[in-house]
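As structure tokens, the structure follows; a few thoughts come after it.
Quantities reported herein were computed from a predicted structural model and do not represent experimental measurements.
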Amino acid sequence: MAPINVYLVDDDQDLLDYLETAISGDERKVHTYASASAFLSDIDDLPQSGCVVLDVNMPEMDGLELQQKLNEMKFPLPIVFLTAHAEVPMAVKAMQAGAIDFIQKPVQPDELIACVDRVINTPQKNLPSAEEAEIVKKTVDELTPREREVMDLIVKGASNKEAAQSLDISPRTVEIYRATVMRKMDAPNLPDLVRKAIAIGM
């Protein structure tokens, strides 16, 4: 069985070296690029299989701009974004533009491996189907007004502290509401909750 190609694009060379060493193996072949331009210069010669892992915040051409360029080129591989917490709103935009998933930094190798495997095995699951979206909408409609407010804020990238300030409640209370929302929405993580929110136009 041929290894999965993983194209890592990040301007942090130390992170590239670390991830390349940590996730390379018989099942994955890792290709690293320190800039969007370096990746684009190689793109015509790359195997059209695997997935692309992009950093959101890079100089010259950032991850969102590179994603737009890849979309214009009709580049077929699924995209995963690496993002700092403060960049979650940018990651949400990336998913609206077709990204499959995002991982918050600092990224752990096991987390990235699991994400890559999930994306490769189920690339069609970027957004819920129409039937699944109806279920999502019904579930959202059943949230309490406060739970809906918390969900609106967290899918836009607000931290518990920021959501607490916005709603004039304590961060601990937001944490409780957040856990309830994740459970009711059957969302194991923030990217999954974002996917569901995007599917119903939130």
Side-chain angles (χ1 to χ4, degrees), residues 10 12 15 19 22-23 51 53-57 62-64 67 78-119 121-202:
D10 195 304
D12 185 339
L15 178 63
L19 291 177
I23 73 173
C51 74
V53 181
L54 303 180
D55 185 25
V56 168
N57 188 15
D62 65 28
L64 293 178
Q67 180 192 31
I79 295 173
V80 172
F81 275 87
L82 299 178
T83 174
H85 178 78
E87 297 161 349
V88 169
M90 296 176 69
V92 172
K93 290 181 181 179
M95 293 186 72
Q96 290 171 333
I100 300 295
D101 214 334
F102 69 88
I103 303 174
Q104 289 182 248
K105 291 182 175 180
V107 59
Q108 299 301 317
D110 288 348
E111 183 182 14
L112 181 55
I113 289 171
C115 182
V116 167
D117 290 346
R118 182 170 65 249
V119 166
N121 291 327
T122 57
Q124 74 281 4
K125 297 297 286 183
N126 182 19
L127 291 177
S129 65
E131 182 179 349
E132 291 169 329
E134 281 300 313
I135 296 173
V136 171
K137 186 177 185 305
K138 181 179 179 182
T139 305
V140 169
D141 289 343
E142 293 173 351
L143 296 177
T144 68
R146 181 63 88 190
E147 288 167 353
R148 175 62 185 267
E149 288 176 330
V150 170
M151 180 175 172
D152 284 341
L153 288 168
I154 62 177
V155 299
K156 292 175 182 175
S159 65
N160 288 349
K161 182 177 180 180
E162 291 166 339
Q165 291 173 340
S166 178
L167 299 174
D168 196 24
I169 57 179
S170 72
R172 174 57 181 160
T173 301
V174 170
E175 185 179 335
I176 293 170
Y177 276 117
R178 180 176 182 142
T180 301
V181 167
M182 300 292 279
R183 175 177 55 79
K184 288 186 175 181
M185 294 299 299
D186 192 26
N189 50 46
L190 180 56
D192 190 64
L193 186 66
V194 168
R195 259 192 301 275
K196 291 178 177 180
I198 292 172
I200 60 172
M202 285 184 64

Item to check | pair Leu112-Val53: side-chain heavy atoms closer than 4.5 Å | outcome: yes
Next on the checklist: Once side-chain hydrogen bond (donor to acceptor under 3.5 Å, both in side chains) is applied, do any residues pair with Lys137, and if so which ones, sequence neighbours excluded?
Outcome noted: Asp141
Item to check | Val140 and Met185, any side-chain heavy atoms less than 4.5 Å apart | outcome: yes
Item to check | Residues forming a side chain to side chain contact (heavy atoms under 4.5 Å, CB included) with Arg183, sequence neighbours excluded | outcome: Thr180
Next on the checklist: Determine whether a donor-acceptor pair (N or O, by modelled atom type, separation under 3.5 Å) exists between the side chain of Thr139 and the backbone of Ile135.
Outcome noted: yes
Item to check | Stepwise side chain to side chain contact (heavy atoms under 4.5 Å, CB included) check, Phe102 with Val56 | outcome: CA-CA 10 Å; Phe102 69 88; Val56 168; over 6 Å; no
For residues 148-157, dump all side-chain donor-acceptor pairs below 3.5 Å to protein atoms at least two apart in sequence or in another chain.
| unit_1 | atom_1 | unit_2 | atom_2 | d |
| --- | --- | --- | --- | --- |
| Arg148 | NE | Asp152 | OD1 | 3.3 |
| Glu149 | OE1 | Arg146 | NH1 | 2.8 |

Next on the checklist: Between Asp192 and Arg118 (salt bridge meaning N to carboxylate O under 4.0 Å), is one present in this structure?
Outcome noted: no
Checklist entry - Do you know the tightest heavy-atom contact between Ser170 and Ala164? => result C-CB, 3.7 Å
Item to check | Heavy-atom side-chain contact between Arg195 and Asp101 under 4.5 Å | outcome: yes
Item to check | Minimum heavy-atom distance Cys51-Val119, with the two atoms named | outcome: CB-CG1, 4.3 Å
Item to check | Nearest non-hydrogen partners of Met182 and Leu190, listed with the distance | outcome: CE-N, 3.8 Å
Item to check | Heavy-atom pair of closest approach, residues Asp62 and Leu64 | outcome: OD1-N, 3.1 Å
Checklist entry - Can you name the closest pair of heavy atoms from Ala158 and Ala163 and give their distance? => result CB-N, 4.3 Å
